[in-house]
S.K.: 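Can you keep this structure in mind? I'll have questions shortly.
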Amino acid sequence: MSVIPVVVDDLNVSLGGLPILRDVSFAVEQHEVVALLGGNGSGKTTLVKALLGLVPHQSGEIAIFGTPLAQFHAWSQIGYVPQRASVSLHTTTVRELVTSGTLSTRRPFTRLSRAGKARVSEVIERVGLTKKADDAFVHLSGGQQQRVLIARALVSAPPLLVMDEPFAGVDLATQQRLADLVRSLHDDGMAVLVVLHETEVFEPLLSRAIVLREGRVVKDGVLETHDHGHEAEPPGGTVRIIEEVRPWR
Amino acid sequence: MEVITLAFMQRALIAAILTGLVAPAIGTYVVQRRLSLLGDGLGHVAIAGVGLALLTHTSPLPVAVVVCVAGAVGIELLRERGRATGDVALAVLFYGGLASGVLMAGAAGQGAGTLSNYLFGSLTSVTASDLVIVAVLGVVVLIASVGLAPQMFAVCADEDFARVLGLRVRAYNLLIVVLAAITVTTAMRTVGLLLVSALMVIPVATSQNLFKGFRSGLYGAMGIGVVVALSGVFGSFYADVPPGAFIVVLAIAAFAVSWPITSWRHRRRPLASVDEVEPLPHEPTPEHEHVHGPGCGHRVVEHGDHVDYVHDGHRHVAHADHYDEH
Ligand SMILES: Nc1ncnc2c1ncn2[C@@H]1O[C@H](COP(=O)(O)OP(=O)(O)OP(=O)(O)O)[C@@H](O)[C@H]1O
Ligand SMILES: [Mg+2]
Ligand SMILES: [Zn+2]
Ligand SMILES: [Zn+2]
Ligand SMILES: [Zn+2]
Ligand SMILES: [Zn+2]
C-alpha cells in the first residue's frame with residue numbers, strides 16, 4: 001500500500017547546453033511535508049518542472065507513486081502550483097480557473113458533474129475567496145491570485161501537492177492561513193513538496209528540508225524545530241538542519 | 001426584403017451566419033494565445049492556394065483549405081521549436097504566400113479584379129458546392145471550439161498546468177491553428193482573406209468589454225460575429241461594396257460602442273478593494289483536557305492578532321469553551 005509519492009534518483013538536467021541540476025536524489029514519502037530551499041537560480045523551479053515532466057532530463061530516474069514518469073498517467077494525483085501565474089485572458093474568472101483543475105479526470109465533450117461543481121465551490125471557500133469567485137482573476141491582488149492557484153491545484157483532491165513558492169507576495173496573515181489549510185490536508189494524508197524562501201509559517205509542519213546550491217543537493221535533513229514543540233523558544237527561528245538523512249539509498 | 005428570395009443572397013447569408021459564428025469562436029483561443037496576427041498570416045498563405053487553383057483551373061476553396069492547413073501545421077511546428085528565427089520564417093511564409101498567390105493568378109491570366117473577390121469577399125461568388133464545404137467545415141470547427149472549450153481554455157490559459165493535468169497540449173495547440181486555418185479559408189467568400197483576421201479578433205475584444213468570464217466571452221463574441229456578418233452582407237448588397245469591408249467596419253463600430261460600457265462598469269467598482277481575508281472555516285479540536293497559557297510548556301507562535309500554542313504538531317487557540325485548530 002505504501003507507494004512513495006516522489007523518488008528522484010541521480011537526476012541530471014541541462015537547459016540550453018548548461019547543466020542546471022547535477023546528480024540530484026531525494027524522496028518525498030506519503031506522511032511528509034518537504035521544503036525545497038536554495039538561493040535564486042539554484043535550480044528549485046527546474047527540479048520541480050523536471051519532476052512533473054515539464055522540462056526533459058538528460059539522465060536519472062523519476063518515479064511518481066512508484067510509476068516511472070514516462071509511464072505515469074494518473075495526473076489527478078498531483079496538484080501543481082506554479083511559481084508564476086501565466087493566465088493571459090483578462091476576463092477569466094476565479095471559478096473558471098479553479099474548474100480547469102478538474103480536467104485531469106474529465107473526458108473531452110463531457111460536462112462537469114454537479115458533484116464536481118460543488119467541489120469547485122468548496123475549494124474556493126477553503127482558500128477564502130467565495131466572495132471573489134466570479135471576479136476576473138487579473139483583478140485580484142497578488143496574494144489572492146496565489147490562493148486561486150492553490151485552489152486550482154487542490155480541486156482534484158490530489159494525494160501529492162507540489163508548490164513552487166506559493167507565498168511569494170502573500171502577507172503574513174494569509175500565509176498562516178494557507179499553511180493551516182495545507183496542514184489540515186496533510187493530516188488527511190496528502191504529501192507535500194514545497195519550494196520556499198521563508199520557512200517561517202511552514203516550520204511547524206515541515207518534516208524535512210532539502211537545500212539546493214548550484215543544482216546540487218547540499219543538505220537534506222530533519223529540521224531542528226520539528227518535534228520540539230515543548231521548548232519555549234521564540235517563533236520564526238531560522239531553519240537549521242541537525243540530522244542529515246538520505247533514507248532512500 | 002425580397003433580397004432574401006435571391007438564390008445567391010441566400011447562399012451568401014448562410015455563409016455569413018457560419019463565418020460570423022466560427023471566426024470569433026476560434027478567434028477567442030487565438031487571442032488568448034496572443035497569436036492575433038496568425039489569422040492575418042494564414043490569410044496570406046491561403047492566397048497562394050487561390051493562385052494555385054486559378055493556375056490549375058480547379059476550384060479555389062478546397063485547394064486553399066489544403067494549402068492553408070499545411071501552412072498552419074508548418075507555423076505551429078516552428079513556434080513549438082521556439083526558434084529565434086521564427087519571426088523571419090513567418091514573414092517568408094506569409095509574404096511568400098501573398099506574392100506567389102498574386103504571381104500564379106497573374107500567370108493564369110487573372111487580374112487583381114478576380115483576386116480581390118477572394119481578398120475582400122464577394123456576395124455573388126458563393127457557389128452551391130462552396131456552400132456545402134463551408135457548412136461542413138464550419139460545423140466541424142464549431143463543435144470542436146465549443147465542445148472542447150474547457151480543454152482548449154486550459155491549454156491557452158496556462159500551458160504548464162495543462163500538461164500536469166495530463167492534457168495533450170501539443171495536440172490541442174495544433175488543433176487550434178488547424179481550425180484557425182480552416183476558418184480563414186472558408187471565410188474568403190464572406191469577409192475575404194485580407195480581412196478575416198479582423199472578424200476573428202475584434203468581436204472577441206468587444207465581447208470581453210461586455211461580458212465577464214471566458215465562456216460568456218466566447219458566446220458573446222459568436223453572437224456579435226453573426227450580427228455584424230449578417231448586417232455586413234445586407235449593407236454590401238445595398239451599398240454595392242465588398243461585404244468584407246462592410247463587416248469589418250461594423251465590427252469596429254461595435255467595438256467602439258462597447259468601450260464606454262467597460263469604463264462605466266469599472267467606475268462602479270469600489271475604488272481600492274482592500275485585500276480582506278475571509279476567515280477560513282472554523283475547526284474545533286476533538287477533545288482537549290490541557291489548559292494552554294503562559295508557561296504551560298507549549299511553544300507559542302504568533303498568528304495574526306493572537307498567539308497559538310503548538311501542541312503535538314497542531315496549533316491550538318482558546319475559543320469560548322473549547323480550543324480551535326489554527
Ligand atoms: N530555459 C532555460 N534555459 C537555460 N537556462 C535556464 C532555463 N531555465 C532556467 N535556467 C537557468 O537555470 C538556473 C536555475 O533556474 P531555476 O528557475 O530553477 O532557479 P530557482 O532556484 O527556481 O530560482 P528562484 O528562486 O529565482 O525561483 C538559473 O541559472 C537559470 O538561469
Ligand atoms: Mg524558482
Ligand atoms: Zn499548553
Ligand atoms: Zn492543545
Ligand atoms: Zn471554536
Ligand atoms: Zn491562530
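Every chain is numbered from 1, with letters handed out A, B, ... down the list of sequences.
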S.K.: Does NZ or CZ of Arg315(B) lie under 6.0 Å from the centre of the six-membered ring of Tyr309(B), at an angle within 45° of the ring axis?
M.R.: no
S.K.: Tell me, out of Phe72(A), Tyr80(A), Phe109(A), who's got the most heavy-atom pairs with chain B below 4.5 Å.
M.R.: Phe109(A)
S.K.: Quick check on Leu167(B) against chain A: is it the side chain, the backbone, both or neither that has a heavy atom closer than 4.5 Å?
M.R.: side chain
S.K.: Side chain, backbone, both or neither: which part of Pro82(A) has a non-hydrogen atom closer than 4.5 Å to chain B?
M.R.: side chain
S.K.: Side chain from CB out, backbone as N, CA, C, O: work out which of these in Tyr29(B) comes under 4.5 Å of a heavy atom of chain A, or both, or neither.
M.R.: neither
S.K.: Among residues two or more places apart or on two chains, list those pairs meeting salt bridge (Lys or Arg N to Asp or Glu O under 4.0 Å) that have a residue in residues 91-100 of chain A.
M.R.: Arg95(A)-Asp134(A)
S.K.: For Lys49(A), what residues pass the salt bridge (Lys or Arg N to Asp or Glu O under 4.0 Å) criterion, not counting sequence neighbours?
M.R.: Asp160(B)
S.K.: Any Lys/Arg nitrogen of Arg33(B) or Glu76(B) sitting under 4.0 Å from an Asp/Glu carboxylate oxygen of the other?
M.R.: yes
S.K.: Have Asn209(B) and Ser258(B) got a donor and an acceptor in their side chains that come within less than 3.5 Å?
M.R.: yes
S.K.: Could you look at Leu172(A) and say if it's the side chain, the backbone, both or neither that has a heavy atom under 4.5 Å from chain B?
M.R.: neither
